[in-house]
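Only one structure is covered here, and it is reproduced in the block below.
The first residue in the sequence is number 1, and the count goes up from there.
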Amino acid sequence: MLQVTESQVRLGLSAADKTEAIRTAGRAMVDAGLIEPGYIDSMLGREAITSTYLGNGIAIPHGLPQARDLVRQTGVVVVQFPGGVDWGGEPARLVVGIAARSDEHIAVLQRLTGVLGNPAEAARLGTTTDPGAVMAVLNGGETVPAPDAAAPLAGPSIAVTAPSPHGLHARPATALVEVAKRFRSEIAVRHGGGTGNAKSLVSLLRLGVSGGQPLTISAAGDDADAALAAIRAAFAAGLDESTVSGTPPPPPPARAAPPADLDYDGQVIAGISASPGVATGTAWKFQREELTVDETAPDPAVQHRRLDHALAGAAADLRNLHEEFWKKAGAAKAAIFKAHLELLDDPEMAADAHARIDAGKGAGWAWRAVYEERANTLAQLTDALLAGRAADLRDVGRRVLRLLADATESVAALPDHPVILLAEDLEPSDTAKLDPAMVLGLCTAGGGATSHTAIIARSLDIPAVVAAGPSLLDLENGREVIINGDDGVLVAGPSGRDRARAATARVAVAQRREAEHLERYKPAITTDGRRVEVAANLSDPEAAVKAVEAGAEGIGLMRTEFLFLQRDFPPSEEEQLEAYRIMVRAMNGLPIILRTLDIGGDKNVPYLRLPAEENPFLGVRGIRLCFEREDLFRTQLRAMLRASAEGPVRIMYPMIAAPAELARAKAITEEERRTVGVAPVEIGIMVEVPSAVMMADRLAKEVSFFSIGTNDLTQYVLAMDRLHPVLAPQADGLHPAVLRMIERTVAGAKAAGVWVGACGGIAGDPAGAVLLAGLGLTELSVAIPSVPSVKARLRGISMAEAERTARDALVCDDAAEVRALVRDRFPGGAA
Ligand code: PEP
Ligand code: MG
């Protein structure tokens, strides 16, 4: 096992600044025969990307992975600066320089992490004049309580093994936290010398558990046995690692840096491919706003309240962001914000920050210290997946900090022309906010292909390269660059030949999109003459104009509940009427399906003061809530019916589960229609509850149309919460079980002569569009940007082949098999 020798401990030094301290540590490493002198520059380079300050006066400078060849042997040196060296606002007293060719130094680091949570011990080592004191701790001669190392809990315990291959990284750790939080007992996870709180994601991640390593889990409390049984079962099921069916497309494999002679004339900056595509444009360095917080504050009670408010506010923001992104990009892509909520809902972080407030710190200062400390610890872990979560934690931390900042200095916004964004690193919410029209591509110095920023970039269709190294940030704004997301490189100062090559690579995709755009007003008629209507989903009435411009043949779903969100009281009948009229005018005779309120589940309307529910998706939502709050329902129906006098408005009820509900909703609608005095309108229902599918033949007799809500239908058929951070990616609407439900719905509708459409996410999916058409749906309602491509996709296929494929899909085993089948039958069909 790696040992720190006396010659590797240097006490009582001083340095003017961080750079000098790193150079001093580097020279000590050279003297100890650990590194070549060139490695010191790499240590400084690493520091430019991310601070290696761990907390409690400890920093651990080390080089970038590219410089590993300059490491002669794995080892550490400890350099003590008793007077402290400013390390980004914090005084570092113990600087531990690390040279790593292998994982041997991990044990030393873990013991260091033990010191981290113990301020008295950190202070002792930061000022001791006895090298033996430092060696005793780092070599394991003395046991320092780990940050979370409470004494083992006085209760039962179980022994389990961390899931392979990646150990307790974010997804399995999140799954463990979710299980643990269901129980009242305190639950501790022990690994090596450290103990983590099973209800704290950060605490678990900090344990740095690799795949196959043994863990002991103990619980204390009245439900300790039940908790341990549930945890044992969760481990036996692989903590969601082994249950993933392969449905979510894997991130592109991280590729090694391309050969230096990659065929470009310009300056090639190599990174890792994170999102495909090629773009040429001018560089622009991304900067976040500067947040300033005061270190001390006079009144702790006020600071405690501020922190609580900020935490609650940030959680509300994340829920909204999740909702918004869920609509834009689907459950799998939105799951990151659910994971962020989990990071935020960490009892230890809040408790730690409150403790610092008690010690006289301001709320913002205390909070920043807590999340930065934890993020730094995560960033140093050798497991790339775990280290990647540091960016997530900082993202969550800054979200709260923004609400606590004493001053915010905004920095230059993006210019008013499209750019290629360069950044040190991007937080997922920064990326989610990017407008693909203004950001042609993005390249980050840090990050990895599995980071959520990379996932979001892919979902926004922005070419991206990550891990390009700090030299990226030397490029000046306005410099011409090419980003090649397929090859994982950024080319600065390209030659004419480079530009031509990039242009050729872009042409194929651009031509396809252009062709789709030009043909967007043509109906979607298959090669054998069958027509499918392509409509748009809306949540904002003003967007109706854009839907028409994109070639939509109607509005297949207006999520009217969005008119009720982000305000303090419900919109009046007149306000709603005006919103519906805007749509009627924009659509100019094209049909509009207005769905009545679908509040509940994940859509909260605080001013309605609805009771909290244990299982909101199985509770009073959709039409059930309309019956509970008939006042809202009737007001809305009157506005819809009045709008129907001016254009082809159809009314659709959400979450119908039984004929009696439909009868009741229709009776209320009819009463209001008589009051308003307009002609009858077409009435339809969302088919999104399995019982509605099973009763489709009966329900069909009472409506003019069905629209299948595949988002909810999938979650209810597969019993997977559509917001679940772990399960959501598996909840693929192309699962044969869901397709069979759709087949059954169509059969019930056909017998009654009723048409069937779909407005859930898979209607806009290239494979989904083909299968839904093949199953007999005659209308697909999709997100506005997908309208031209879905129409083109349908125009390119034969319905006979789509029907045959749909029939074969019904007898597949899972969604992955269905997707493979469609790829096979309809190659090259990007929609
Ligand atoms: C659905 O469930 O598929 C649907 C379109 O409705 P929402 O996403 O608004 O629940
Ligand atoms: Mg729904």
Between [X] and [Y], what is the shortest heavy-atom contact and its length?
X      : Y      : value
Ala99  : Ile35  : CB-CG2, 3.6 Å
Ile357 : Pro300 : CG2-O, 3.7 Å
Pro37  : Val30  : CA-CG2, 3.9 Å
Tyr371 : Arg398 : OH-CG, 3.4 Å
Leu94  : Leu125 : CD1-O, 3.5 Å
Glu476 : Ala283 : O-CB, 4.1 Å

Could you check whether any side-chain heavy atom of [X] comes within less than 4.5 Å of a side-chain heavy atom of [Y], counting everything from C-beta outward?
X      : Y      : value
Val160 : Ile217 : yes
Leu404 : Leu307 : yes
Leu291 : Arg402 : yes
Ile158 : Phe235 : no
Thr128 : Gln80  : yes
Val293 : Lys361 : no
Val95  : Val85  : no
Val96  : Val77  : no

Hey, is [X] close enough to [Y] for a salt bridge, meaning N to O under 4.0 Å?
X      : Y      : result
Arg374 : Asp352 : yes
Glu295 : Arg368 : no
Glu20  : Arg23  : no

If only atom types and distance count, is the side chain of [X] paired as donor or acceptor with the main-chain N or O of [Y] below 3.5 Å?
X      : Y      : result
Arg93  : Phe81  : no
Ser203 : Asn197 : yes
Trp87  : Ala59  : no
Asp345 : Leu341 : no
Asp130 : Gly132 : yes
Ser200 : Gly196 : no

With sequence neighbours left out, write down each residue that passes side-chain hydrogen bond (donor to acceptor under 3.5 Å, both in side chains) with [X], or none if nothing qualifies.
X      : result
Ser185 : Asp223
Lys285 : none
Arg10  : Asp31

Exercise. Passes side-chain contact (heavy atoms from CB on, under 4.5 Å), Ile231 versus Leu176? Steps please.
Worked result: CA-CA 7 Å; Ile231 288 172; Leu176 177 54; 3.9 Å; yes

If I take atom [atom1] from residue [X] and atom [atom2] from residue [Y], how far apart are they, to the nearest 0.5 angstrom?
X      : Y      : atom1 : atom2 : answer
Ile22  : Arg27  : CD1   : CZ    : 12.0 Å
Leu311 : Trp367 : CG    : CH2   : 5.0 Å
Arg394 : Leu401 : CZ    : CG    : 12.5 Å
Thr444 : Phe286 : OG1   : CZ    : 11.5 Å
Thr377 : Glu372 : OG1   : CD    : 10.5 Å
Lys18  : Leu44  : NZ    : CG    : 9.5 Å

Kindly write out the residues that satisfy side-chain contact (heavy atoms from CB on, under 4.5 Å) with [X], not counting sequence neighbours, or none if the list is empty.
X      : result
Arg72  : Glu36
Thr5   : Ser7, Gln8
Gln213 : His191, Val209, Ser210

Problem set entry | Val177 and Leu204: CA distance, side-chain angles, deciding distance, side-chain contact (heavy atoms from CB on, under 4.5 Å) verdict | CA-CA 9 Å; Val177 169; Leu204 291 181; 3.7 Å; yes

Exercise. Of the options Val268, Leu475, Val465, which is the one that meets Leu490 in a side chain to side chain contact (heavy atoms under 4.5 Å, CB included)?
Worked result: Leu475

For this session: Output, in order, the C-alpha distance, side-chain angles, deciding distance and verdict of side-chain contact (heavy atoms from CB on, under 4.5 Å) for Leu343 and Asp392.
Result: CA-CA 8 Å; Leu343 282 171; Asp392 289 327; 3.9 Å; yes

Exercise. Should we say atom CD of Glu186 is surrounded by more than 12 heavy atoms from elsewhere, each under 6.0 Å from it?
Worked result: no

For this session: Apply side-chain contact (heavy atoms from CB on, under 4.5 Å) to Lys181 and Glu342, showing your working.
Result: CA-CA 11 Å; Lys181 279 188 177 168; Glu342 197 58 74; 2.6 Å; yes

